Amino acid sequence: MLDPCEPWRIIAITFTNKAADELKDRLEKSLGPEARDVWAMTFHSACARILRRDIDRLGYGRDFTIYDTTDSGSLIKRILKEFDLDDKTYNHRSILGEISRSKDAMIGPEEYCAAAAKSGDPRRRNYGRVYQEYEKRMQSANAVDFDDLILLTVRLLKEQPDVLDYYQRRFRYVLIDEYQDTNNLQYELSALLAGGRNNICVVGDDDQSIYRFRGATIENILSFEKQYKNARVIRLEQNYRSTGHILEAANAVIANNRGRKGKNLWTDRGSGNVPQLYIAGDERDEAQYVAGKILAGVSGGENFRDHAVLYRMNAQSNQLEFAFKRNGIPYRVIGGTRFFDRAEIKDVLAYLCVLANPSDEIRLARIVNQPPRGIGQTSLEAVQRLAEENGVSSYVIMSQAGEYPELSRAAVRLRAFTAMLDELRGMETEMTLPELYDEVLRRTGYTAMLEAKLTDENQTRLENVNELKTNILTYIKENPEGGLKGFLDEISLYTDIDSLDRTQDCVAMMTMHAAKGLEFDTVFIVGAEEGVFPGSRSIGEPEEMEEERRLCYVAMTRARKNLYFVCARHRMLFGRTVSGRPSRFVDEIPAEHIRRPSETGFSFGGETDLWDARPEGPTAGYGSGYGSGYGQRRTYGGGRAPGRSDYRESYLQPAAQKTRKKEPLPQAPKESASFSVGDRVRHKAFGEGTVVSIQPTGSDALMEIEFESAGRKRLMRNTASAFMKKI
DNA sequence: CGCACCACAATTTTT
DNA sequence: TTGTGGTGCG
């Protein structure tokens with residue numbers, strides 16, 4: 001603290017907005033309002049900010065728009081069509097990936113094409129053609145994609161010494177969070193910003209690098225010390241989150257990786273509970289097991305929100321959701337389809353984008369006939385052709401549609417369309433953003449279109465469109481003088497509104513990737529089978545496998561107190577039933593740090609073992625035969641696949657499920673007794689008590705019971721009724 | 001031009 | 001199994 005530094009001399013870069021916001025919050029709490037001068041933001045927003053200032057030096061307009069992956073994808077699709085490349089061999093996703101990789105390696109389209117020509121590979125040549133065209137179109141639409149934000153900033157700093165100088169002088173302290181997740185471009189950018197001063201501080205954990213697939217290169221952190229010779233390395237090996245067994249188990253798993261610096265976490269929080277493995281018959285059983293454990297936990301006084309279920313793929317969430325609904329467990333799925341990916345949101349935003357930047361071809365094409373206004377594919381293509389020929393944007397052609405005979409049929413409608421947008425654009429100055437938004441919804445007829453056919457789906461869409469307005473209001477509140485462009489900038493880089501709301505008492509469900517940075521008392525890692533986790537794609541690929549193992553490490557270390565691995569012997573995956581053995585990661589845990597099914601306690605009375613101990617469940621199907629049967633079987637741990645006859649038995653199960661699933665939602669079993677406040681009850685484990693309160697939760701209810709000897713407990717009615725009766 | 005039906009594919013994800 | 005995207009018909 002000898003030399004307090006001015007906050008504006010600091011740039012702190014994170015990957016997610018959430019992390020950036022948290023950082024800002026904490027800074028503000030400890031520094032006060034001065035903290036606002038710190039540039040605490042994501043790579044992308046920092047770059048956007050730098051580019052807004054000087055991108056014109058690279059031949060773009062300063063009011064550039066940012067395309068997200070979907071927008072870029074549409075552009076690629078359009079190019080593919082025009083080039084007459086069949087989209088089976090050339091699917092837009094792989095091209096997008098190729099372009100992204102090229103940009104990360106700072107290989108421009110020309111260079112790419114040159115290399116492709118030399119290689120003689122026709123496929124790569126075509127990739128090059130598409131890449132080139134993509135760049136051309138992006139520039140004429142004055143649009144940049146996510147990679148461009150960083151790439152162009154790096155280029156700007158490299159090509160314009162005075163700009164580089166400006167930022168290097170300004171930022172005397174450069175901090176980068178989650179350094180293990182940086183890709184090449186981000187690495188370049190960090191190095192440029194840190195400049196001659198080398199005053200850079202990075203935070204990261206090589207064992208938590210789980211984004212290799214999107215270009216992150218673990219070498220960045222592994223070679224940091226080489227990069228910056230005088231770097232001081234501070235190792236943070238004390239873990240303040242997990243208890244001993246969990247930590248030891250995680251350490252043991254990650255120790256199997258070769259490409260790492262190596263560390264050993266320790267804790268002083270005691271050894272805690274031993275992680276547990278459960279082998280379920282199928283994914284339904286798996287889900288029911290998790291549900292049961294959660295109910296047992298809640299019965300023991302925990303909150304739903306202390307539990308998280310982590311899986312490898314989003315598709316796995318389905319059965320869990322069914323089980324949770326069936327058991328009246330409130331839950332929240334994090335991730336999956338994001339708010340800003342919804343069609344209606346994209347539509348409405350597209351209108352706003354076109355208002356801000358009429359050259360935005362992709363967004364224009366999206367909205368021109370949405371809602372339908374009689375401008376079809378043919379007209380649109382004619383417009384686009386004319387735009388190409390005349391070297392102007394489609395928007396210009398549309399507004400002068402009358403001058404082109406080939407557009408005669410749609411001319412009136414095209415002109416009306418642009419006239420409407422022009423008018424809306426004119427309103428921008430005289431009304432607030434929320435007002436403008438309403439006006440857009442009204443004038444374009446978007447709301448009317450949804451209201452015309454008020455299906456459930458459209459109802460949701462309307463709600464989403466309204467939800468977007470909330471975003472606008474929030475934005476205006478935080479940026480009183482911010483305009484349309486500012487909002488769009490923020491929104492295109494902010495996709496994160498679906499993040500976890502810890503105030504609601506819900507079980508959290510998410511992919512292991514999404515769980516990074518979070519923590520829960522109890523964590524379930526489901527689908528812990530070979531082929532699922534680690535995924536079949538990574539088996540036989542050492543590098544990939546190490547990444548999966550890191551993912552496992554991340555997932556395990558999310559748990560504070562309880563960790564469960566759950567796997568299924570048979571699983572319906574993509575419409576096919578596959579069988580797998582438990583994940584190798586589980587095998588990597590030394591016996592003393594994991595409890596396998598054969599050793600699973602069946603002693604009645606242990607609170608967390610209520611479910612295992614339960615003689616028969618209130619939920620039909622579970623516990624009958626398969627799932628619970630495996631609890632006692634030793635054969636499984638031995639590693640041999642189940643006998644065929646066993647297999648058959650379980651195999652028949654899914655058929656029965658099918659009908660079940662079709663029903664609206666399997667309601668809570670009827671036989672679960674009803675209780676009312678004041679009832680005297682006797683519980684098998686807790687003894688006698690009195691019902692204090694009952695709170696309905698979905699098909700179930702949360703009851704609070706004051707037990708004479710066991711004290712006050714919170715129990716879920718459906719589960720508890722198996723152990724408890726009125727007296 | 002809109003809607004319905006069929007084929008096909010399918011980790012992980014931030015920005 | 002599920003969701004999406006493309007094609008073909010009314």
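This one's a predicted model, so the numbers in the text were calculated from it and none came from an experiment. Chain identifiers are assigned alphabetically (A, B, ...) following the order of the sequence lines, protein sequences preceding nucleic acid strands; residue numbering begins at 1 within each chain.
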Review point. Looking at D341(A) and K346(A), does any basic side-chain N land under 4.0 Å from a carboxylate oxygen?
Key: no
Review point. Taking for each residue the nucleotide of DNA chain B with the nearest heavy atom, is it I375(A) or D147(A) whose nucleotide lies nearer the 5' end?
Key: I375(A)
Exercise for review: Check the distance between dT15(B)'s P and K516(A)'s NZ and give it to me in whole angstrom.
Suggested key: 12 Å
Check your understanding: Are D21(A) and K18(A) ion-paired here, with the side-chain N under 4.0 Å from a carboxylate O?
Key -> no
Point to revise | Rounded C1' spacing from dG6(C) to dT11(B) in Å | key: 25 Å
**Study point:** Syn/anti state for dT11(B) [syn: chi within 90° of 0]
**Key:** syn
Check your understanding: Do other residues, nucleotides or ligands put more than 12 heavy atoms under 6.0 Å from the CZ atom of R373(A)?
Key -> yes
Exercise for review: Kindly say whether R62(A) contributes a backbone atom to a donor-acceptor pair with the side chain of R52(A) at under 3.5 angstrom?
Suggested key: yes
Check your understanding: Taking N369(A) for the side chain and G376(A) for the main chain, is one N or O donor matched with an acceptor at less than 3.5 Å?
Key -> no
Exercise for review: Look at all strands and tell whether T69(A) reaches a base, only sugar-phosphate, or nothing, counting heavy atoms closer than 4.0 Å.
Suggested key: base
Check your understanding: Starting at CD1 of I66(A) and ending at C1' of dT14(B), how long is that distance when rounded to a whole Å?
Key -> 13 Å
Review point. Should the pair E588(A)-R549(A) be classified as a salt bridge under the 4.0 Å nitrogen-to-oxygen rule?
Key: yes
Review point. In whole angstroms, how far is the C1' atom of dT13(B) from the CD atom of E178(A)?
Key: 14 Å
**Study point:** For atom CG of D282(A) and atom P of dT1(C), their distance in whole Å
**Key:** 14 Å
Check your understanding: Between dT15(B) atom P and L488(A) atom CG, what is the distance in whole Å?
Key -> 17 Å
**Study point:** Integer-rounded Å distance: dC1(B) C1' and R409(A) CZ
**Key:** 12 Å
Review point. In whole Å, what separates the C1' atom of dG5(C) from that of dT12(B)?
Key: 23 Å
Point to revise | Value in whole Å for how far the C1' atom of dG2(B) lies from CG of N369(A) | key: 10 Å
So which protein N/O to nucleotides 10-12 of chain B N/O distances come out below 3.5 Å?
from, atom 1, to, atom 2, distance (Å)
dT12(B), OP1, N314(A), N, 3.1
dT12(B), O4', R312(A), NH2, 3.2
dT12(B), O2, R312(A), NH2, 2.2

Review point. So, R260(A) and E546(A), do they make that salt bridge, N to O below 4.0 Å?
Key: no
Point to revise | Rounded interatomic separation in angstrom, taking CD1 from I334(A) and P from dT13(B) | key: 12 Å
